[in-house]
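Structure, as structure tokens:
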Amino acid sequence: MNFDIIYPMKFSRRNVLQITGFSIFTVAMLPRVAFAARNTLRSLRTGLQPGNKTRLVIETANRPSYSLSYPTNQLVVNIANTVANTGISAKLASDGLVKSIAQAQNGDGLQIIANLKKPISEIPKSSVMILEPNGDNDYRLVLDFVAGTAPTKTATTTNSTGNTYTTSSATTTTAVTAARKYVIVIDAGHGGKDPGCIGKGGTREKDIVLSVAKKLKTKLDTNGFKTYLTRSGDTYLKLAERASIAEKRHADLFISLHANANPSRKMKGFSIYTLSEKASDEEAKKLAEAENAADKIGVSGFTEFEENIRIALSSLQQHAVAEMSEEYATGCAKSFKRSDIEQQPGPDVRHAPFAVLRSTVPGALLELGHLSNAAEEKLLKTDKHQNKLVDAIVRSVKNYNFEV
């Protein structure tokens, strides 16, 4: 018996079914709907799939934000901002690995605890899917798994309802595992004949961001990530080329580094941006126009790249990329502020149509500070401050949840 049959293809938030040819430019960068209103559990069921796989389907009213953990002979699915629904009886396939399913409220979150006949190892990213509403179905979180070696290191956890279970230390979804190094592409903005903005003291944006990019690559490599630079020297690249490097490297995250300038010499502080068709404010719009103007320095635009991306992206991919970019950017802003790095007045994350972010790879554009501010220009030139920036970015990458 098959439940929620899906065509065999790799699936993730970045790699989802193509159901329409809408362009990425028609999708605004919005936070997860699940965070806006309390989510509700609608149904629980299991089924069987080819290859002795058991499929667990968790249906919710809104798009779920989740994490997974693997206690002994259990699979625990933690769904944020969701209430339990004890009126639901799980429908279980008799020959599957799940022998029973329980619900437990843990603060604002819901825990779905699947008791297993045999232990399982961590479920790979490609075997976790979120399906959009379809017909009589709402959002469905789908997990496929087989019997295998269970994690060994454990710790006892008690949730708010008093239920106690043993949690594996291998359950952290943000950890970099030996089996899969997450790929980060770091883009040092501008370069070559494009110096970027220039401070009153003669400091060039292209030099500052390249220095930070190299330090960031070294630190991320040390922390177990696989990183690539769009440029390692004073090289000019079209914006589409930068984005395409992330595509070709199959990156999990794209970080574009820049330094800002403002007509007001008093303005200072970092700012973080993600892609949207419409700018979140007039300042974001002007900044995007200035950054996109880099392609006018002596080369044609990126029409061909835009057309390819329009073909490659489905509406679900656009939504997934938007969610992941927003999630990373929000976490990055928090990391900067926790490091006591001054923020430009305004929202934590802004949105604008940056050409360099137009791809299927989640990403953000980081303005590290203002070269137009004399004090911040001097600060951005120092190794001490550059290392402070790098440490904050590394922390944001380590805290980012690549797996859901």
Side-chain angles (χ1 to χ4, degrees), residues 1-8 11-12 39-61 63-80 82-106 109-131 134 136-173 403-404:
M1 184 187 328
N2 288 337
F3 291 83
D4 299 272
I5 297 174
I6 301 166
Y7 293 103
F11 226 83
S12 71
N39 206 350
T40 305
L41 181 66
R42 291 293 172 84
S43 70
L44 292 167
R45 55 190 180 271
T46 66
L48 302 178
Q49 293 294 304
N52 295 321
K53 291 182 180 179
T54 293
R55 169 163 291 174
L56 171 61
V57 181
I58 302 171
E59 185 176 8
T60 56
R63 187 178 181 88
S65 175
Y66 70 94
S67 63
L68 306 178
S69 55
Y70 305 85
T72 303
N73 287 344
Q74 287 183 332
L75 166 62
V76 177
V77 184
N78 302 281
I79 306 179
T82 303
V83 294
N85 187 345
T86 55
I88 289 175
S89 297
K91 299 178 181 179
L92 305 181
S94 58
D95 294 331
L97 289 173
V98 179
K99 59 183 180 181
S100 65
I101 296 180
Q103 300 178 45
Q105 196 69 43
N106 187 15
L110 171 63
Q111 291 180 331
I112 304 297
I113 304 169
N115 297 302
L116 307 175
K117 298 174 184 177
K118 297 179 181 179
I120 64 171
S121 57
E122 292 186 24
I123 301 174
K125 186 176 181 180
S126 59
S127 295
V128 180
M129 311 164 242
I130 294 180
L131 302 184
N134 181 18
D136 295 331
N137 297 308
D138 288 319
Y139 286 94
R140 285 147 292 155
L141 172 60
V142 181
L143 304 103
D144 289 343
F145 49 90
V146 296
T149 303
T152 55
K153 297 180 181 179
T154 59
T156 300
T157 302
T158 303
N159 60 31
S160 61
T161 63
N163 293 323
T164 300
Y165 56 90
T166 303
T167 305
S168 164
S169 63
T171 62
T172 305
T173 57
E403 289 298 322
V404 295

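These numbers were taken from a predicted model, which means no experiment stands behind them. Residue numbers count from 1 along this sequence.
- Heavy atoms from other residues, nucleotides or ligands lying under 6.0 Å from NZ of Lys117 number more than 12.
- Annotation: side chain of Leu141 is in contact with side chain of Val128 (closest heavy-atom distance under 4.5 Å).
- Here the straight-line distance linking atom OG of Ser65 with atom CD1 of Ile130 works out to 8.0 Å at 0.5 Å rounding.
- Partner Leu110 forms a side-chain contact (heavy atoms from CB on, under 4.5 Å) with one of Asn85, Val77, Leu41 and no other, that one being Leu41.
- Here the CD1-OG distance, from Ile88 to Ser43, works out to 6.5 Å after rounding to the nearest 0.5 Å.
- Here the side chain of Gln105 pairs a donor or acceptor atom with the backbone of Thr82 at under 3.5 angstrom.
- With hydrogens and angles ignored, the 3.5 Å screen pairs no side-chain donor or acceptor of Tyr70 with any backbone N or O of Pro119.
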Next item on the list: Evaluate side-chain contact (heavy atoms from CB on, under 4.5 Å) for Tyr66 paired with Ile58, printing each intermediate quantity in order.
Entry: CA-CA 11 Å; Tyr66 70 94; Ile58 302 171; over 6 Å; no
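- Two residues are said to be in side-chain contact when any heavy atoms from C-beta on lie closer than 4.5 Å; Asn78 and Leu68 fail this criterion.
- Put simply, the side chain of Asp138 does not reach to within 4.5 Å of the side chain of Thr40, judged on heavy atoms.
- Asn137 has its side chain out of reach of Leu131: every pair of non-hydrogen atoms, C-beta onward, lies at least 4.5 Å apart.
- Looking at Lys99 and Leu92, their side chains never come closer than 4.5 Å, going by heavy atoms from C-beta outward.
- Listed for the Thr46 side chain is a donor-acceptor partner under 3.5 Å among the backbone atoms of Ala93.
- Atom CG of Leu56 is separated from atom CD1 of Ile123 by 8.0 Å, given to the nearest 0.5 angstrom.
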Checklist line | side-chain contact (heavy atoms from CB on, under 4.5 Å) evaluation trace for Leu97 with Leu75 | finding: CA-CA 10 Å; Leu97 289 173; Leu75 166 62; over 6 Å; no
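- The closest side-chain heavy-atom distance from Thr54 to Gln49 is not below 4.5 Å.
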Next item on the list: List the steps, then state whether side-chain contact (heavy atoms from CB on, under 4.5 Å) holds for Leu116 with Val98.
Entry: CA-CA 5 Å; Leu116 307 175; Val98 179; 3.9 Å; yes
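- Under the salt bridge (Lys or Arg N to Asp or Glu O under 4.0 Å) test applied with Glu59, the options Lys91, Arg42, Arg45 reduce to a single match, Arg45.
- Taken to the nearest 0.5 Å, the CD1 atom of Ile101 stands 5.0 Å off from the CG atom of Leu44.
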